[in-house]
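The structure appears below as C-alpha cells.
Count residues from 1 along the sequence. As the structure lists them, so they are numbered: ligands from 1, and atoms in each ligand from 1. Computed from a prediction, not measured in an experiment: that's the story for all the values here.
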Amino acid sequence: MKKIAVLTSGGDAPGMNAAIRAVVRKAAYHGIEVVGINHGYEGFINGSIEPLDLGSVGGIIQRGGTKLYSARCLKFKEDAVQEQGIAKMREANVEGLVVIGGDGSYRGAMALVKKGFPVVGVPGTIDNDVPGTEYTIGFDTALNTVVESIDKIRDTATSHENSFIVEVMGRDAGDIALWAGLAAGAETVLIPEEEYNLDEIIARLERGATRSKKHSIIIVAEGVMAGSELAKLIKDKAGIETRVSVLGHIQRGGSPTARDRVLASRFGAHAVELLMEGKSGRAVGIRNHQLIDYDMTEAFEKHHESDVGLYTLMKELSI
Ligand SMILES: Nc1ncnc2c1ncn2[C@@H]1O[C@H](COP(=O)(O)OP(=O)(O)OP(=O)(O)O)[C@@H](O)[C@H]1O
Ligand SMILES: O=P(O)(O)OC[C@H]1O[C@](O)(CO)[C@@H](O)[C@@H]1O
Ligand SMILES: [Mg+2]
C-alpha cells in the first residue's frame with residue numbers, strides 16, 4: 001500500500017487529532033503517503049483531500065475537535081453516492097482508508113468495504129457506545145469535563161440547599177452519566193440501560209432532606225429523558241423544586257486528557273498496521289488493556305452494554 005486516507009465522522013471527540021497524527025506519522029515511518037479527507041463522508045464523496053505530511057500534524061496532539069472537520073452526511077447511505085466517493089479516491093490513487101468515528105460512521109465504512117474499498121475503523125466518540133471496545137477516543141475527556149462541571153454545580157447546590165438535575169450527553173448509552181455519577185458522588189443516576197423508579201428518586205430526595213442533607217445531584221443521561229422533563233415529573237408528583245443544568249456541547253470540546261491522547265495514538269497506529277497487512281473491515285479497540293481488532297460489523301450490529309457492576313456500586317455508595 002502506497003497511499004492511504006484518513007477522515008473523521010459523526011460528532012467530534014477530543015483525541016481525534018491525536019489519532020490523525022498517529023495515522024500520518026505511523027504511515028510516514030513505513031514510507032506510506034497519507035491524505036486527509038475534509039468533512040467526513042461529505043469530503044469522501046467530493047474528493048476533498050489534502051496531503052498530510054509529518055509537519056502538518058505537528059502541534060495538534062493537544063487540540064480538541066478535529067483538524068479534518070467532521071460532518072453528518074445523510075446522503076452517504078445511498079449506494080450511488082458511495083460509489084462516486086470510491087471512484088474519487090481511486091482517481092487520487094488512494095488504496096485504503098482509516099475512518100475515525102462512532103457506530104454510524106462504521107456503518108458507512110462497512111458499506112465501502114462491501115464495495116471492495118479497504119477500510120479500518122478507529123472508535124472516536126464521547127459516548128463510549130461502540131460495541132467491542134471498552135473505551136472510545138474522547139470518552140475520558142468528556143467524562144472529566146462532566147465531573148468538573150458537577151463539582152462546580154455542587155458548590156452552588158450546597159450553598160443554596162438546592163437539588164440539581166444535570167443532563168448529560170451519551171445518545172442511547174449511559175456511560176458518561178454512570179461514570180460521572182460515581183466520580184462526582186451523585187445521589188441518583190438515570191441511564192437508558194436501567195429502569196428508573198420515580199418514587200425511589202423522590203424518596204431519596206426526601207430522605208436526604210430529613211437527615212439535613214438539603215442538596216442533591218441527580219444525573220440524567222439524555223437517552224432517558226430531558227432534565228426539564230424529569231424536573232416536571234418530580235414537581236408534579238411530590239411538589240419538590242429542582243434546578244436543571246444541561247451541560248450540552250461543552251462535553252465534546254477541550255484539550256484531550258493524557259489517557260485519550262495515548263489511546264488515540266495507539267488506535268491510529270494500529271489501524272495503519274492493519275491496512276499494511278492487507279486487512280479491511282476491521283475495527284480497532286481495547287479490551288483488558290490489550291489492543292485488539294475485530295470485525296467492524298460487530299461494532300454496529302451488537303448492542304453496547306454498560307457496566308452493571310458500576311451501576312450497582314454507584315447505588316450502594318450513594319445511600
Ligand atoms: N447506514 C449507514 N450507511 C452509510 N453511512 C452511514 C450510515 N449510518 C451513518 N452513516 C454515516 O456516518 C455518519 C456519522 O454517523 P452518526 O451521525 O451516527 O455518528 P457516529 O459516527 O455514530 O458518531 P457519534 O455518535 O459520536 O456522533 C453519518 O452522518 C453518515 O454519513
Ligand atoms: O451536535 P449534534 O449533532 O446535535 O449531536 C449531539 C449528539 O452527538 C453526541 O455528542 C456524540 O454522539 C451525542 O452525545 C449527542 O446526542
Ligand atoms: Mg454514534
Notebook entry, point to check: Is Tyr69 atom OH crowded by more than 12 heavy atoms from other residues, nucleotides or ligands, each under 6.0 Å away?
Noted result: no
Note to self: How far is atom 26 (O) of ligand 1 from the closest protein heavy atom, and which atom is that?
What the structure shows: Thr125 OG1, 2.7 Å
Checklist line | Under 3.5 Å donor-acceptor, Arg252 side chain and Ala142 backbone | finding: no
Notebook entry, point to check: So which of Ser105, Gly170, Pro123 gets nearest to atom 14 (C) of ligand 1, if we judge by its closest heavy atom?
Noted result: Ser105
Margin query: If I compare all heavy atoms of Met225 with all of Val220, which pair ends up nearest, and what's the gap?
Written below: O-CG2, 3.6 Å
Next item on the list: Provide, to 0.1 Å, the distance between atom 10 (O) of ligand 2 and the closest protein heavy atom, together with that atom's residue and name.
Entry: Arg252 NH1, 2.8 Å
Check: Charged N to carboxylate O below 4.0 Å: is that the case for Glu187 and Arg154?
Finding: yes
Notebook entry, point to check: Would you find a donor on one side and an acceptor on the other, under 3.5 Å apart, between the side chain of Asp260 and the backbone of Gly138?
Noted result: yes
Check: Can you say whether the rings of Tyr135 and Phe139 are parallel (under 30°), tilted (30 to 60°) or perpendicular (over 60°)?
Finding: parallel
Notebook entry, point to check: Is Ala111 touching ligand 1 with its side chain, its backbone, both, or neither, if touching means heavy atoms under 4.0 Å apart?
Noted result: neither
Checklist line | Which of the ligand 1 atoms, numbered from 1, are nearer than 4.0 Å to a heavy atom of Arg171 | finding: 24 (P), 25 (O), 27 (O)
Checklist line | Candidate with minimal heavy-atom separation from atom 27 (O) of ligand 1, of Lys75, Arg72, Arg107 | finding: Arg72
Margin query: Between Asp129 and the Mg ion (ligand 3), is there a contact where an N/O/S atom of the residue lies under 2.8 Å from the metal?
Written below: no
Note to self: Students should be able to answer this: which protein heavy-atom is nearest to atom 11 (C) of ligand 2, and at what distance?
What the structure shows: Asp127 OD2, 3.3 Å
Item checked: Donor-acceptor under 3.5 Å (Ser265 side chain, Ala22 main chain) -> no
Next item on the list: Just need the protein heavy atom nearest to atom 3 (O) of ligand 2, so name the residue and atom and give the distance.
Entry: Arg72 NE, 3.1 Å
Notebook entry, point to check: At what distance is the nearest protein heavy atom to atom 24 (P) of ligand 1, and which residue and atom is it?
Noted result: Gly11 N, 3.7 Å
Checklist line | Minimum heavy-atom distance between Ala177 and Ile191, given as atom pair plus value | finding: CB-CG2, 3.9 Å
Margin query: Using the side chain to side chain contact (heavy atoms under 4.5 Å, CB included) definition, which of the options Val120, Val6, Ile37, Ile86 pairs with Leu97?
Written below: Ile37
Check: Does Arg171 pair with Glu222 as a salt bridge, N-O distance under 4.0 Å?
Finding: no
Note to self: Heavy-atom contact check, 4.0 Å cutoff: does Gln251 meet ligand 2?
What the structure shows: no
Next item on the list: Note the single closest protein heavy atom to atom 15 (C) of ligand 2, along with its residue, its atom name and the distance in Å.
Entry: Glu222 OE2, 3.3 Å
Next item on the list: Could you tell me which atoms of ligand 1, counted from 1 in the order shown, lie closer than 4.0 angstrom to a heavy atom of Gly10?
Entry: 14 (C), 19 (O), 21 (O), 23 (O), 27 (O)
Checklist line | Proximity winner for atom 4 (C) of ligand 1, if only heavy atoms of Cys73, Gly108, Gly104 are counted | finding: Gly108
Check: For ligand 1, which atoms have a heavy atom of Gly102 less than 4.0 angstrom away?
Finding: 20 (P), 21 (O), 22 (O), 23 (O)
Margin query: For Asp127, which part has a heavy atom under 4.0 Å from ligand 1: side chain, backbone, both, or neither?
Written below: side chain
Checklist line | atom 3 (N) of ligand 1: nearest protein contact (heavy atom, Å) | finding: Lys77 CG, 3.6 Å
Item checked: Asp103 N/O under 3.5 Å from ligand 1 N/O -> yes
Margin query: Check contact between Gly170 and ligand 2, using heavy atoms of the residue and a distance below 4.0 angstrom.
Written below: yes
Next item on the list: Write out the residue and atom name of the closest protein heavy atom to atom 1 (O) of ligand 2, then the distance separating them to 0.1 Å.
Entry: His249 NE2, 2.7 Å
Check: Which atoms of ligand 1 sit under 4.0 Å from any heavy atom of Ser9?
Finding: 12 (O), 13 (C), 14 (C)
Notebook entry, point to check: Which atom, among the N/O/S set of Asp103, is closest to the Mg ion (ligand 3)?
Noted result: OD1
Margin query: Using a 4.0 Å heavy-atom cut-off, which part of Phe76 comes near ligand 1: side chain, backbone, both, or neither?
Written below: both
Margin query: Just so I know, are the side chains of Leu112 and Phe44 near enough to count as touching, which here means a heavy-atom distance under 4.5 Å?
Written below: yes
Check: Would you call Glu277 and Arg282 a salt bridge, taking side-chain N to carboxylate O under 4.0 Å as the test?
Finding: no
